[in-house]
Amino acid sequence: MTPSRRVSLAIPVFNEQDVLPELIARVTRVLDSIPGGPHEVVFVNDGSRDQSQALLEQAAATDPRFTVVQFSRNFGHQAALSAALDHVSGDAILTMDADLQDTPEVLPTLLERLDEGFDVVVVRRVGRKESAWKRAAYHLAYRLIAKMSEVPIGVDAGDFALMSRRVVDALTALPERERYLRGLRSWVGFRQTTVEVPRAARAAGETKYSFAKLISLALDGAFSFSIIPLRISAAIGFAAFLGALLFSAYAVYARIVLGQSPQGFTALFVAGTFLAGVVLIAIWIIGEYVGRIYAEVKRRPIYVIDSITDARGRRHPR
Ligand code: UDP
Ligand code: MG
């Protein structure tokens with residue numbers, strides 16, 4: 001439908017030396033089969049400490065479609081994805097992981113949906129091939145975030161998606177430092193759809209997401225797209241207040257009508273610690289927002305670039 005279309009692949013890379021040869025081979029094969037072009041692949045090396053940079057530079061030197069943006073240190077997956085989006089120039093942009101859990105071979109299918117008039121085609125991963133506890137954690141996190149969010153964030157939708165140029169322009173124009181891209185992507189709007197694809201296991205190497213990074217991603221999802229946590233703490237506060245009112249009415253009744261004197265050290269202790277807990281959690285919730293506001297007002301860049309290796313394989317230090 002659009003024969004002159006240029007497709008860009010945006011791929012963050014962090015210590016992926018084991019998968020890069022296969023990734024580069026498969027991506028090359030897929031791009032060769034797509035009409036239009038010239039297509040491109042923008043790799044963002046997120047401060048890898050292995051041979052990733054050398055492998056990527058070698059790929060850029062042999063294939064003019066490959067460019068490499070190298071960070072000055074590890075800034076995280078979402079920062080790397082943002083950088084990739086800042087550097088792609090194509091008309092249709094695919095964001096995908098380097099570990100081949102996002103299979104590049106689905107690209108033609110996604111392009112068909114774009115041709116039907118959609119601006120965003122999100123890949124829903126069905127059948128995660130990971131440990132049971134991790135699957136359960138993802139399941140819970142996605143549903144919680146989707147429930148709380150003020151924009152419809154697709155359940156089981158990650159960062160694997162094909163976007164039109166205007167969606168990427170809208171995304172890169174967003175001013176916030178905190179990038180929860182799958183949320184921002186639905187916030188942008190336009191016509192969005194999903195495609196179901198069985199999710200592959202990582203081709204080689206280990207997950208680069210530590211437990212702490214996963215928790216922090218989930219918190220970003222919960223706190224960046226809603227103020228519902230604040231409302232929940234308000235609801236608990238009101239419930240506790242109501243409970244206290246009812247109990248004091250009962251205490252007055254017990255004293256005057258039943259002639260009982262006040263009693264119950266245990267009840268007092270439980271109520272005291274319960275309320276202290278509720279208050280501390282409420283303060284933490286406020287703190288999450290204050291911390292996020294603090295990070296935003298500092299207006300630091302999302303990432304710092306060390307070098308860019310261009311399509312001719314030439315490395316330009318910053
Ligand atoms: N990644 C990154 N920076 C990081 C962590 C991960 O650029 O700090 C990249 C990683 O190379 C991969 C993608 O983000 O391409 C997803 O990471 P991973 O596969 O380890 O996450 P998982 O699939 O286990 O959630
Ligand atoms: Mg992965």
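Note that ligands are numbered from 1 as they come in the structure, with each ligand's atoms numbered from 1 the same way.
Between Arg5 and Asp115, at least one side-chain N (NZ, or NE/NH1/NH2) sits under 4.0 Å from a carboxylate O, which counts as a salt bridge. Salt-bridge formation is not detected for the pair Glu296/Arg292: no Lys NZ or Arg NE/NH1/NH2 atom is positioned less than 4.0 Å from an Asp or Glu carboxylate oxygen.
Of the candidates Asp99, Asn74, Val13, Val19, it is Asp99 that places a heavy atom closest to atom 19 (O) of ligand 1.
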Distance-only check: which donor-acceptor pairs under 3.5 Å involve side-chain atoms of residues 10-20, not counting sequence neighbours?
{"from": "Asn15", "atom 1": "OD1", "to": "Arg49", "atom 2": "N", "distance (Å)": "2.6"}
{"from": "Glu16", "atom 1": "OE1", "to": "Arg202", "atom 2": "NH1", "distance (Å)": "3.1"}
{"from": "Glu16", "atom 1": "OE1", "to": "Lys208", "atom 2": "NZ", "distance (Å)": "3.4"}
{"from": "Glu16", "atom 1": "OE2", "to": "Arg202", "atom 2": "NH2", "distance (Å)": "3.0"}
{"from": "Gln17", "atom 1": "OE1", "to": "Gln51", "atom 2": "N", "distance (Å)": "3.0"}

N/O donor-acceptor pairs under 3.5 Å from side chains in residues 271-282, not counting sequence neighbours:
{"from": "Thr273", "atom 1": "OG1", "to": "Phe269", "atom 2": "O", "distance (Å)": "3.0"}
{"from": "Thr273", "atom 1": "OG1", "to": "Val270", "atom 2": "O", "distance (Å)": "3.1"}

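Annotation: angle subtended at the Mg ion (ligand 2) by Gln101 OE1 and Asp99 OD2 is 100°, to 10°.
In the vicinity of Glu16, heavy-atom distances shorter than 4.0 Å reach the ligand 1 atoms 10 (C), 11 (O), 12 (C), 15 (O).
The shortest N or O to N or O distance between Pro12 and ligand 1 is under 3.5 Å.
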